[in-house]
Amino acid sequence: MKFLIKIGLLLLCTLEAVQPSTAGTCAINKYNEDDIQDAVEKCTDITLNSISVPPNVTLTLNLKQGTKLTFQGIVTWEFFEWKGPLLNITGVDIEILGAPDHIIDVQGTLWWDTFGEHGGKIKPVFCVLHGLKNSVIHDLNVTNTPFYAISIEDSDGVVVYDVYIDNKEGDTKGGHNTDGFNVWRSNNVTFTRISVFNQDDCIAVKSGTNVLVTDTYCHGGHGLSIGSVGGRDYNIVENVTISNSRNENADNGIRIKTVYGATGLVRNITYKDIVLKDINNYGIFIDADYDLSTGEPTGVASDGVPIEHITLQNITGTVKKTGVNVYVIVKNATDWHCTGIDVTGGEQIKECVGIPEESGLSC
Ligand SMILES: *[C@@H]1O[C@H](CO)[C@@H](O)[C@H](O)[C@H]1NC(C)=O
Ligand SMILES: *[C@@H]1O[C@H](CO)[C@@H](O)[C@H](O)[C@H]1NC(C)=O
Ligand SMILES: *[C@@H]1O[C@H](CO)[C@@H](O)[C@H](O)[C@H]1NC(C)=O
Ligand SMILES: *[C@@H]1O[C@H](CO)[C@@H](O)[C@H](O)[C@H]1NC(C)=O
Ligand SMILES: *[C@@H]1O[C@H](CO)[C@@H](O)[C@H](O)[C@H]1NC(C)=O
Ligand SMILES: *[C@@H]1O[C@H](CO)[C@@H](O)[C@H](O)[C@H]1NC(C)=O
Ligand SMILES: *[C@@H]1O[C@H](CO)[C@@H](O)[C@H](O)[C@H]1NC(C)=O
Ligand SMILES: *[C@@H]1O[C@H](CO)[C@@H](O)[C@H](O)[C@H]1NC(C)=O
């Protein structure tokens with residue numbers, strides 16, 4: 001029976017080669033560049049089933065409008081030292097999902113060496129979602145990314161829900177800079193029920209507008225972040241709400257960082273109903289002194305990227321003894337509204353600089 005269905009599918013794909021105007025279903029069960037590009041051109045229902053992508057190859061999927069792309073079985077990429085991305089998806093009205101029990105296993109352990117982007121092996125970015133419009137990504141399980149996991153770039157209208165990025169093994173096996181989600185130059189992006197276990201930002205809005213994050217769980221990384229903003233080709237983050245989320249064992253709880261000496265704008269950011277637990281360094285960390293080239297703070301804030309209209313509401317939880325509960329170093333910041341801040345446990349004190357008057361936030 002299964003065999004007959006397979007023949008049926010094959011026929012369907014073959015028929016479409018003859019009638020390219022009718023879109024249909026295509027299942028790819030073994031990596032073959034031509035088969036995949038054929039499917040991408042002809043089908044709007046594509047399943048990638050247990051394929052292993054060869055080394056030094058980007059799986060590029062410029063999907064037809066309205067395509068449903070399903071990952072099934074175990075999908076992997078072979079080891080190679082290069083920058084990637086390993087997967088690059090583009091399209092309009094796209095749905096990307098995982099079939100029950102699939103796993104996208106990027107085999108990060110082969111690359112991890114504790115250095116991340118600062119040396120050692122050259123590590124590929126896993127996935128770039130480029131220029132997506134009006135699209136949905138859901139029920140995906142990604143494990144062990146060598147480096148950044150998923151970047152949403154130059155996109156407008158993306159809904160992401162029930163995505164699980166599991167780089168837990170990186171905690172003991174040298175994972176570093178394994179960002180969960182990064183958003184670049186995009187508008188109207190919604191994240192719901194995301195779980196990220198990693199060793200860098202959980203979700204970071206680097207640039208973009210109208211981003212919502214809710215019901216998210218982060219573990220072990222660098223926090224729920226805005227930025228760093230500044231020093232790139234587009235340097236605005238505006239209208240972001242991060243709510244009802246939990247962040248545990250991370251270096252930072254919530255973090256807004258802008259680049260020293262750069263220009264840009266951070267405006268209308270809300271963090272609301274966030275629970276922190278066992279944060280290592282900073283519970284709440286807002287700094288305008290980030291050095292893009294070294295990745296370290298300069299210790300002096302600059303005012304080229306004003307941090308305006310910030311709302312922190314109901315942020316509670318714990319920082320480890322050796323950490324700092326709240327640290328702010330900003331210049332030219334205005335219009336902050338902070339209520340229900342109860343972050344405790346950190347015994348280190350750092351003097352805050354530039355908190356707007358009557359913001360309700362104190363160090
Ligand atoms: C890797 O891919 C690049 C670009 O396609 C190519 O120039 C290079 O020769 C490849 N390297 C190896 C070792 O195959
Ligand atoms: C991804 O693909 C798009 C369109 O094919 C291309 O413009 C973009 O540069 C690619 N991104 C990367 C990081 O390779
Ligand atoms: C993803 O993994 C989680 C945790 O193991 C599991 O509960 C969930 O069913 C998986 N989702 C899919 C679509 O396989
Ligand atoms: C935002 O994106 C969603 C999903 O693509 C879409 O349904 C919605 O209309 C968009 N909102 C605006 C204001 O464009
Ligand atoms: C601020 O951003 C939120 C979305 O995060 C939006 O609902 C709200 O209207 C924005 N407020 C202003 C004043 O732009
Ligand atoms: C921010 O949200 C407000 C209120 O919804 C809207 O008027 C404004 O255009 C948004 N800003 C951007 C850059 O989208
Ligand atoms: C504060 O946030 C937590 C976590 O989202 C939530 O359970 C609690 O009800 C919120 N408290 C208030 C007063 O809104
Ligand atoms: C501060 O920001 C305002 C705009 O928000 C700008 O006009 C001004 O030049 C900035 N710098 C200082 C030092 O006030």
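All figures in this text were calculated on a predicted structure; none of them were measured in a lab. Residue numbers start at 1 and run along the sequence shown. Both counts, for ligands and for their atoms, begin at 1 and track the order of listing. Both backbone and side-chain heavy atoms feed into the values below; hydrogens, waters and symmetry mates do not.
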The closest protein heavy-atom partner of atom 14 (O) of ligand 6 is Asn210 ND2, 2.9 Å
NZ of Lys272: more than 12 outside heavy atoms within 6.0 angstrom? no
Examine Val163 and Ile74 and state if one hydrophobic cluster contains both, with Ile, Leu, Val, Met, Phe, Trp and Tyr joined whenever side-chain heavy atoms are less than 4.5 Å apart. no
Tell me whether Asn268 has any N or O atom under 3.5 angstrom from an N or O of ligand 5. yes
Atom 9 (O) of ligand 6: which protein heavy atom is closest, and how many Å away? Asn239 ND2, 4.9 Å
Please verify whether a non-hydrogen atom of Trp82 lies at under 4.0 Å from ligand 1. no
Do the two ring centres, one from His102 and one from Phe71, sit under 6.0 Å apart? no
Which of Asp201, Asp200, Asn252, Asn280 passes side-chain hydrogen bond (donor to acceptor under 3.5 Å, both in side chains) with His222? Answer is Asp200
Checking Thr114, Asn167, Thr178, Asp179 against Gln199 for side-chain hydrogen bond (donor to acceptor under 3.5 Å, both in side chains), the one that qualifies is Thr178
Near Thr209 (heavy-atom distance under 4.0 Å), the atoms of ligand 6 are 13 (C)
Heavy-atom distances under 4.0 Å are what count here, so tell me which part of Val240 touches ligand 5: side chain, backbone, both or neither. backbone
Can you spot which of Phe147, Trp111, Phe181, Trp77 makes a ring-ring contact (aromatic ring centres under 6.0 Å, His included) with Phe126? Trp77
With heavy atoms of Thr241 as the reference, note each atom of ligand 5 found under 4.0 Å away. 4 (C), 5 (O)
Is_contact(atom 2 (O) of ligand 6), protein non-hydrogen, under 4.0 Å: yes
Do His138 and Asp162 have side-chain atoms, one donor and one acceptor, less than 3.5 Å apart? no
Protein heavy atom under 4.0 Å of atom 5 (O) of ligand 1: no
Strictly inside 4.0 angstrom of atom 11 (N) of ligand 5, do you find any protein heavy atom? yes
Short list, please: which atoms of ligand 1 are under 4.0 Å from a heavy atom of Phe80? 11 (N), 12 (C), 13 (C)
Under 4.0 Å, heavy-atom basis, I'd like to know which part of Asn187 is in contact with ligand 6: side chain, backbone, both or neither. neither
Contact summary for Leu140 and Gly98, nearest pair of heavy atoms: CD2-N, 3.5 Å
Of all the non-hydrogen atoms in the protein, which one sits nearest to atom 8 (C) of ligand 1, and at what distance? Asn56 ND2, 3.7 Å
Could you report the tightest heavy-atom contact between Lys64 and Glu41, atom names first, then the distance? CD-O, 3.2 Å
